[in-house]
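The block underneath contains the structure these notes are about, expressed in structure tokens.
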Amino acid sequence: MKNINFLAFAMPAFFLFLFLEYKLAQRRKRPEIFNYESSVSNISIGIAERLINLFVAASFYQLYYLIYDDYRIFEIPSNALVWFALILATDFVWYWYHRLGHEVNFFWAAHIVHHHSEEFNFTAAARITTFQAIIRTGFWCVLPLIGFHPSMVITMLIVHGAYSFFTHTQLIGKIKWLEYVFVTPSVHGVHHASDEKYLDKNYGDMFTFWDRLFGTFQTEEEKPKYGLTHPLKSYSFLWQHFHYYFEIYELWKRSSGFKARWNAIFGSPADMDQDIRPILEKRFLQDKAAPNQRLRFKNYLYIQLGICTLILTVFTYYFDYLDLYDKVFVLSLVIITLINCGALLEQRKWIYYLEYTRLAMISTYFLYEEDLIAFFFVPIAAMIFAEQLFSLSTIYQNTILQLESGE
């Protein structure tokens with residue numbers, strides 16, 4: 001039992017709480033809390049982050065131990081008072097990481113993905129990227145540097161992350177007396193709002209007194225409007241991850257002089273030229289208006305997400321026992337599937353070729369496993385023959401990309 005990777009159960013637990021939130025929203029007649037396209041996008045990004053972090057999380061932990069063993073400033077023991085100090089220190093570091101994530105372009109590029117969602121529920125909590133995880137790890141290195149033992153730091157980060165998950169919901173109303181100390185869903189909902197009075201407020205993750213101390217606290221008054229002040233026009237998995245890095249680069253190219261180019265990278269997102277994103281959206285074909293109708297064959301998308309979740313759970317459980325080529329295969333397969341899901345939401349016809357790519361990858365992998373890699377051309381030839389004989393692309397597009405009838 002000691003070798004069980006308990007992180008393998010994170011995704012099933014997430015879907016359990018998501019199911020309970022969804023059913024409770026139905027019971028309270030709050031259908032607006034969930035949006036089909038946005039929820040799928042949120043979950044896709046969450047799956048990718050959990051998957052990629054399997055490859056890098058061990059490096060994070062090793063870095064904590066390296067800093068603690070060789071560079072710690074103090075010898076801090078482990079007792080109840082120290083654990084209390086650590087939870088305060090963790091949230092304090094988070095506050096400044098989070099605040100700088102909104103005030104510095106380079107950090108905002110990693111954090112903006114978390115704010116894309118125009119819905120506020122448990123799926124929004126999943127919108128974390130590996131880029132964001134890497135940046136905040138750099139901030140949390142302060143804790144072992146001070147002298148907190150890495151095992152304590154890692155445990156506290158798990159607790160910290162679990163708490164913040166439950167603040168992403170609209171089904172818990174204002175609890176005014178609790179908000180004097182703790183971040184509640186109402187408090188954190190303000191942080192996710194795009195209303196002018198709510199912008200750049202409530203950076204704390206567990207406690208509100210850092211925001212009160214530094215003048216960034218805002219209680220919920222009017223119902224928030226969630227998302228960005230300038231929403232994306234795309235559900236593309238890749239575009240959502242990388243669009244702001246392209247915007248920074250475009251601003252950097254437009255700038256002249258060291259100071260201007262420095263500000264393009266490390267200046268404020270508030271100073272970003274607002275004409276850049278529409279230009280890039282047209283350049284990269286991401287300016288497609290949101291479809292008025294939804295896919296009729298939505299179950300195909302659900303099946304893909306379900307398979308990705310199952311693969312991620314099993315993959316996490318057995319991660320330490322797999323060879324590198326097994327890991328690369330799973331990583332590639334899941335990422336392509338998630339790209340496919342985003343393209344499905346946008347009804348992109350080229351996703352048909354991604355289907356062929358997945359089939360080619362799967363067949364090649366199993367041929368390699370059976371030491372039959374010399375026959376890799378056989379399934380490829382079969383796919384080409386089937387396409388020519390049955391015009392599968394037409395059938396695929398007419399079935400998978402079929403829309404619901406208009407009202």
Side-chain angles (χ1 to χ4, degrees), residues 37-38 40-56 97-98 100-118 123-124 126-138 194 227-255 261 263-290 305 308 328 331-348 350-351 353-354 357:
E37 290 84 359
S38 185
V40 169
S41 177
N42 295 347
I43 293 170
S44 297
I45 290 173
I47 290 174
E49 188 268 341
R50 286 290 87 204
L51 177 66
I52 297 174
N53 270 10
L54 289 174
F55 292 84
V56 297
Y97 146 74
H98 200 181
L100 291 174
H102 283 254
E103 295 179 350
V104 177
N105 270 331
F106 182 74
F107 296 150
W108 178 236
H111 186 59
I112 190 175
V113 182
H114 186 61
H115 286 270
H116 285 155
S117 178
E118 296 181 15
T123 70
R127 290 190 71 95
I128 305 293
T129 69
T130 298
F131 304 126
Q132 183 174 341
I134 292 172
I135 290 173
R136 68 187 184 190
T137 294
S194 59
L228 301 176
T229 53
H230 301 281
L232 288 188
K233 296 180 180 179
S234 172
Y235 290 113
S236 166
F237 177 82
L238 293 175
W239 186 247
Q240 290 182 86
H241 275 80
F242 296 106
H243 75 92
Y244 203 79
Y245 293 102
F246 284 109
E247 291 178 40
I248 291 175
Y249 179 63
E250 185 69 21
L251 180 60
W252 184 85
K253 287 196 304 181
R254 293 184 180 189
S255 304
R261 289 192 164 184
N263 287 335
I265 301 173
F266 298 106
S268 170
D271 296 329
M272 174 64 69
D273 289 348
Q274 296 305 316
D275 66 325
I276 288 179
R277 185 177 300 170
I279 292 173
L280 293 179
E281 286 174 337
K282 291 182 179 179
R283 183 183 304 170
F284 292 98
L285 305 179
Q286 297 299 326
D287 59 339
K288 183 177 180 180
L305 286 181
C308 283
V328 172
L331 175 66
S332 303
L333 181 64
V334 173
I335 293 299
I336 287 178
T337 301
L338 297 176
I339 293 172
N340 183 288
C341 289
L344 272 171
L345 290 174
E346 298 190 314
Q347 302 163 19
R348 303 286 184 176
W350 52 258
I351 63 174
Y353 300 102
L354 279 184
T357 301

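Heads up: numbering here begins at 1 and tracks the sequence. All values derive from a computational prediction rather than experimental measurement.
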Distance in Å, [X] [atom1] paired with [Y] [atom2], rounded so as to fall on 0.5 Å steps:
| X | Y | atom1 | atom2 | answer |
| --- | --- | --- | --- | --- |
| S117 | I45 | OG | CD1 | 9.0 Å |
| F246 | I279 | CZ | CD1 | 15.0 Å |
| Y244 | F106 | OH | CZ | 12.5 Å |
| Y249 | R254 | OH | CZ | 13.0 Å |
| S236 | L345 | OG | CG | 10.0 Å |

Quick one, [X] and [Y] - any side-chain contact, counting heavy atoms below 4.5 Å?
| X | Y | value |
| --- | --- | --- |
| V113 | E49 | no |
| L228 | S194 | no |
| H243 | I112 | yes |
| E281 | S234 | no |
| D271 | N263 | no |
| W108 | H115 | yes |
| E247 | L280 | yes |
| M272 | I248 | yes |

Look at the side chain of [X] and the backbone N and O of [Y], then say whether any donor-acceptor pair between them is shorter than 3.5 Å.
| X | Y | value |
| --- | --- | --- |
| S41 | E37 | no |
| N42 | A126 | no |
| R277 | H230 | yes |

Within a 6.0 Å radius of atom CZ on F55, are there more than 12 heavy atoms belonging to other residues, nucleotides or ligands?
yes
CA sep, side-chain torsions, deciding dist, call: L354, R348, side-chain contact (heavy atoms from CB on, under 4.5 Å):
CA-CA 11 Å; L354 279 184; R348 303 286 184 176; over 6 Å; no
Shortest non-hydrogen contact from [X] to [Y]?
| X | Y | value |
| --- | --- | --- |
| I351 | N340 | O-ND2, 3.9 Å |
| I265 | V104 | O-CG1, 4.3 Å |
| A264 | N105 | O-ND2, 3.2 Å |

Cut-off 3.5 Å, side chains only: do [X] and [Y] have a donor facing an acceptor?
| X | Y | value |
| --- | --- | --- |
| E118 | S38 | no |
| H116 | R127 | yes |
| H114 | H98 | no |

